[in-house]
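Below: the structure, in structure tokens.
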Amino acid sequence: MVARPGCIEELAEIIRGSGPFGFQQMGLWSLPCEAYGICAMPQGAMGLCIDFGELNQMVDFSPADLIITVGTGTTLSKVNQLVGSAGLCVPYCADYIGGDDLTLGELIGLNLPHPLERQFGSWRDWILATKQVLADGTICKSGAKVVKSVAGYDIHKLFVGARGSFAAVAEVTLRLYPKQEPRPEARNSANIIHRVLPSDFDAMANSYRNAVFFDEATATIYANVPAFFEPLRFERDFVIRSGVGRMNFQLGQVNFLSRAKATLDPNNKLNPGALIP
Amino acid sequence: MKSMSELDDLALVLRPDQILTGAAVARVYDSDAYSVDRSKPTAVVLPETNEEVAAVVKVCVKNQIPITPRGAGTGLSGGAMPALGGVVVSLKRMNKILEVDSVNRRMKAQAGCVNLDLTKAVSHLGLHFAPDPSSQSVSTLGGNIAENSGGPHTLKYGVTAPHILGVTFVDAEGKIYEIGGTAPNCPWPDFTMLVVGSEGTLGIVTEAWIKLTPLPAAVKTALAAFPSVRAASEAVSGVIGAGILPAALEMMDRNILVALEQAFGLKTPPGTEALLLVECDGEESAVEREMTLVAEVCHENHAIEFTLAKDEAERKKLWTARKKGVGAMGRLAPSIVTHDGVIPRSKLPEMLDYVYAVAAEFEIGVANLFHAGDGNLHPCFYFDDRDPKQVEAVVSAGEKIIRRCIELGGSVTGEHGIGVEKTELLLLQFSEDDLKLQALVPLIFGANEVINPCKVIPNQKGCIEHKKRWRGVAW
Ligand SMILES: Cc1cc2nc3c(=O)[nH]c(=O)nc-3n(C[C@H](O)[C@H](O)[C@H](O)COP(=O)(O)OP(=O)(O)OC[C@H]3O[C@@H](n4cnc5c(N)ncnc54)[C@H](O)[C@@H]3O)c2cc1C
């Protein structure tokens with residue numbers, strides 16, 4: 001079953017379980033991201049899938065301040081179309097992970113490396129504020145809609161890469177940058193992304209065939225590998241594989257992840273198992 | 001406040017020279033650079049290793065003694081003030097650089113290292129630690145992390161957060177953790193991002209892996225004089241609107257210029273109401289192109305004068321106005337308090353008008369020297385802190401300005417943090433539900449009432465009744 005909330009209040013109602021979908025929920029699944037299908041509702045799982053597609057309104061766009069606030073169901077291509085008219089962009093390049101028809105919610109939830117990172121940073125650097133629904137249905141915000149703020153803890157940054165498991169983020173305020181030249185050619189998606197410390201880049205790069213892109217600037221390789229391929233591992237590196245579910249999502253800081261999950265979503269409602277198996 | 005005997009356990013984990021007590025010590029450590037609120041510690045401890053920090057925390061937890069982490073004490077919101085007395089844990093002796101990894105452009109250093117020493121240690125390699133708070137010659141890495149400090153070059157290089165790869169962290173129970181520290185920008189949630197900016201309320205940072213940034217190939221600095229603050233603000237918008245991201249874009253208003261002239265004989269052309277310092281850095285040709293554009297924008301916005309530094313010596317001279325501005329204000333009155341608020345950059349002109357109006361209303365002097373590119377205001381009030389009425393006026397005027405920042409869609413603080421100063425003001429920015437989420441953060445880290453109480457989160461148990469005591473003379 002799929003729910004398609006049209007606004008944050010409806011999303012809250014669904015999560016509270018008191019709305020028209022008020023049945024006993026085993027789990028609320030969001031972020032159906034095909035390329036890196038880690039958060040899609042697993043086959044046979046019990047629960048309700050939330051489609052964020054209607055949460056795609058532009059709340060506020062201030063070109064002079066280089067800031068946009070927008071629903072997380074908005075696709076990257078749509079956002080870039082919107083801000084592009086003012087000569088601006090969100091400088092995330094989704095070429096290797098399935099293109100910019102992914103929504104901001106998906107992209108932020110996954111926080112995959114991208115080739116413009118050395119120059120512009122990534123979601124954790126751009127995310128200035130969020131509005132979300134907590135697991136108990138509370139609607140709240142974090143951060144501030146300005147480029148600089150140290151008011152309170154930056155918990156909105158913890159939602160980056162959290163695969164929808166800490167809160168259902170409905171709205172996000174992002175820092176914008178001057179528009180970039182389009183990249184020369186459309187590229188293939190990669191099914192593995194491997195980042196190492198720069199000192200290990202050559203060794204890592206040599207261990208791959210079928211690379212889609214070598215990004216020396218961030219010591220990252222984007223490649224296509226067979227399912228049985230076991231990457232050579234390096235100190236402090238990380239590897240992410242697509243299409244193989246959460247099992248190949250290598251975890252850092254498991255103790256803190258578990259504590260955060262237990263604190264923010266004590267009944268394990270939001271994307272259960274997507275972050276911590 | 002705990003008595004000495006309850007601190008005896010500290011002597012079991014530290015040498016005598018690492019434990020400071022007595023009236024003089026209590027006076028020195030009773031506030032940070034935000035001296036409006038004061039509260040004395042019972043003891044100050046100077047651990048030298050991760051294990052000693054952990055041992056101190058364990059002793060304090062066992063005896064329920066409040067702990068206040070402290071770097072150089074340059075904080076501007078009372079974060080390092082021992083609000084409920086107890087033990088100040090000074091990281092000053094943990095000031096070693098542990099590992100320089102120039103290939104991977106990273107360095108591991110202890111939290112008590114002074115910001116500038118980090119850069120000094122790697123400048124011969126063509127690298128630097130980019131966060132550059134104006135206090136960088138004294139403030140510590142731990143303090144910079146705890147406050148997520150910014151500086152003049154934040155506009156381009158970001159605040160402290162993007163430069164911290166990972167930390168060694170002693171939690172509120174005395175357990176030692178390594179947080180973060182993998183290859184940069186890990187795809188899973190990065191808890192380093194919560195430690196950064198947590199103002200010492202989650203635990204104590206003892207070491208950090210920091211990112212090193214290559215020194216730019218070329219740097220150009222210019223100082224533009226404008227006939228009005230509005231014209232200068234519009235130039236700021238114009239520069240950003242032209243797609244230029246300068247390394248620094250700083251503004252100084254007339255009263256700063258008056259102080260600078262009195263203190264250092266710095267002259268500006270007649271009719272100058274605001275100065276804009278612009279710095280562009282990067283590849284030689286790009287910098288050249290950007291500066292030409294900046295000059296055009298400044299002239300379009302009626303700049304009276306545009307001075308481009310010809311060499312390094314001139315560049316340093318142009319920076320004098322920005323760097324010595326606050327110091328020069330010491331000439332205007334016995335005390336200054338620098339406020340801190342953020343507004344969307346496009347609201348700068350109307351906000352500055354408001355700041356002048358508020359200062360006039362409360363009959364206190366104000367000067368502005370701030371990070372215009374970030375929309376981060378620093379109205380500096382100058383007054384006499386021996387007069388309780390003036391202190392009260394400064395606090396009230398500050399609150400009024402912060403309220404306006406929020407009305408204009410900004411933030412109650414861009415750099416100085418919440419500390420004890422702004423806990424109540426946080427209620428302007430965050431609803432009860434927003435604060436409910438904020439209050440979950442300490443739980444994630446297993447923080448307790450012992451670790452830096454009364455900071456950041458408003459209305460903490462047992463803190464409200466102490467507010468009057470902190471204010472001392474003024475209330
Ligand atoms: C003249 C002057 C100029 C300034 N300019 C700027 C500026 O340009 N930009 C800016 O952002 N700030 C500025 N500040 C504010 C201040 O310098 C910064 O906040 C600085 O980072 C504080 O560092 P510190 O070592 O002095 O920390 P402290 O003042 O000692 O402590 C600050 C906070 O951090 C906590 N803390 C300290 N060390 C640790 C640790 N190891 N682990 C956990 N918590 C810790 C303390 O508990 C406290 O809450 C300025 C201050 C002055 C006086």
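Here is the naming used below: chain letters follow the sequence lines, and residue numbers restart at 1 for every chain. What's counted below: heavy atoms across the whole structure, side chains too, no hydrogens, waters or symmetry copies.
With a 4.5 angstrom heavy-atom cutoff, L66(A) touches chain B via backbone and side-chain atoms both. With a threshold of 4.5 angstrom between heavy atoms, D154(A) approaches chain B through its backbone and through its side chain.
At least one side-chain heavy atom of L264(A) sits under 4.5 Å from a side-chain heavy atom of I444(B). The shortest side-chain heavy-atom distance between I155(A) and L194(B) falls under the 4.5 Å cut-off. Using a 4.5 Å heavy-atom cutoff, the side chains of P442(B) and Y153(A) are in contact. Residues C186(B) and R124(A) are in side-chain contact: their nearest non-hydrogen atoms beyond the backbone lie under 4.5 Å apart. Counting heavy atoms from C-beta outward, L158(A) and D190(B) have side chains that stay 4.5 Å or more apart.
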Inset, instruction - Carefully, step by step, assess S199(A) and N104(B) under the rule side-chain hydrogen bond (donor to acceptor under 3.5 Å, both in side chains). - result: CA-CA 6 Å; S199(A) 53; N104(B) 295 311; 2.9 Å; yes

Inset, instruction - Show your working on side-chain contact (heavy atoms from CB on, under 4.5 Å) between I139(A) and D433(B) and close with a plain yes or no. - result: CA-CA 7 Å; I139(A) 299 175; D433(B) 284 340; 5.8 Å; no

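Using a cutoff of 4.0 Å between basic side-chain nitrogens and carboxylate oxygens, K148(A) and D340(B) are not scored as salt-bridged.
Between F256(A) and F169(B), the ring planes lie perpendicular to each other; the angle is over 60°, past the 30° to 60° tilted range.
Counted by atom type alone, S346(B) and D65(A) present one or more donor-acceptor pairs between their side chains at under 3.5 Å.
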